[in-house]
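So you know, we letter chains A, B, ... as the sequences are listed, proteins then strands, and number each from 1. Keep in mind that the numbers below use all heavy atoms, side chains included, and drop hydrogens, waters and symmetry copies.
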Amino acid sequence: MDQTWNAPPDPQRFDPLVWEIARQIPAGKVFTYGQIAALIPPSPGVPAEEFGAHRARWAGSAMSRCPDDVPWQRVVNSQGKISFSNPKMQNRQRELLKAEGIEFDARERIDLAHYGWRGPGDDWLQAHGLLPPEQKFQQGSLL
DNA sequence: CGTTTGACTACGC
DNA sequence: CGCGTAGCCAAAC
């Protein structure tokens, strides 16, 4: 539970981008915190290395504050597991995902190879000022 | 005002 | 494959 650095230096820019990307995730698919964050350009003044080291957690932080129209249940961690520590919330997310046709294995894990979303199209990314195709997912090594 | 508590991930055992 | 650790902030109690 050592959370370290919870929020980006520019949540006003970062958070809305996280939410907008999450809104693109289709029902029946899931995306990870790290994958969302990997599409966002580094915050001004933050070294790429440092940004990469914390962005996934920052994405989680942004999701904790997301507007009602964001399908928050479709965002899981890099292991394909639900990231809530609160059991009540874990159940809520699991039920919502099951209702969308997503299956969990015996260890409460989702098979990302099968249910993982491939991400927004390059055209969409470009239109939203996000990372160009050649940099997509390549910043750091996070998922 | 000190403590507790987090929607993460990679990596080493 | 499961479990612990680093990272070392900040808002809510």
message: Show, in sequence, the C-alpha distance, side-chain angles and deciding distance for I110(A) and D105(A), and conclude whether the side chain to side chain contact (heavy atoms under 4.5 Å, CB included) test is met.
response: CA-CA 6 Å; I110(A) 296 168; D105(A) 67 14; over 6 Å; no

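Shown here are the salt bridge (Lys or Arg N to Asp or Glu O under 4.0 Å) partners of D123(A), two or more places apart in sequence or in another chain: there are none. Considering only residues two or more places apart in sequence or on other chains, H128(A) meets the ring-ring contact (aromatic ring centres under 6.0 Å, His included) condition with W124(A). Applying the salt bridge (Lys or Arg N to Asp or Glu O under 4.0 Å) test to D111(A) and every residue at least two apart in sequence or in another chain returns nothing. E50(A) pairs by the salt bridge (Lys or Arg N to Asp or Glu O under 4.0 Å) definition with nothing, not counting sequence neighbours. With sequence neighbours left out, W19(A) forms a ring-ring contact (aromatic ring centres under 6.0 Å, His included) with no residue at all.
Between dT9(B) and S78(A), a contact under 4.0 Å exists linking OP1 or OP2 to a side-chain N or O.
Residue-level contact check: W58(A) touches neither bases nor backbone, having no heavy atom under 4.0 Å from any strand.
For W58(A) and Y33(A), the distance between ring centers is not under 6.0 angstrom.
Between I82(A) atom CD1 and dC8(B) atom P there is a gap of 13 Å when expressed in whole angstrom units. When rounded to the nearest whole Å, the span between CZ of R57(A) and P of dT5(C) equals 15 Å. We find that NZ of K81(A) is positioned 15 Å from C1' of dA10(B), with the value rounded to whole Å. Between N77(A) atom CG and dA10(B) atom C1' there is a gap of 13 Å when expressed in whole angstrom units. Distance R55(A) CZ to dT9(B) P: 10 Å, rounded to the nearest Å. The distance between atom CZ of F51(A) and atom P of dG7(C), rounded to the nearest whole Å, is 20 Å. If you measure from atom CD of Q93(A) to atom P of dC8(B), you get 11 Å, rounded to the nearest angstrom. For the pair H54(A) NE2 and dA6(C) C1', the computed distance is 10 Å after rounding to whole Å.
Comparing the C1' positions of dT4(B) and dC8(C) gives a spacing of 15 Å, expressed to the nearest Å.
In this structure, of dT9(B), dG7(C), dC1(C), it is dC1(C) that holds the atom nearest to the side chain of R107(A). Considering only the side chain of R109(A), dC1(C) comes nearest among dC8(B), dC1(C), dG7(C).
Within a heavy-atom distance below 4.0 Å of DNA chain B, the residues of residues 59-71 of chain A found are G60(A), M63(A), S64(A), C66(A).
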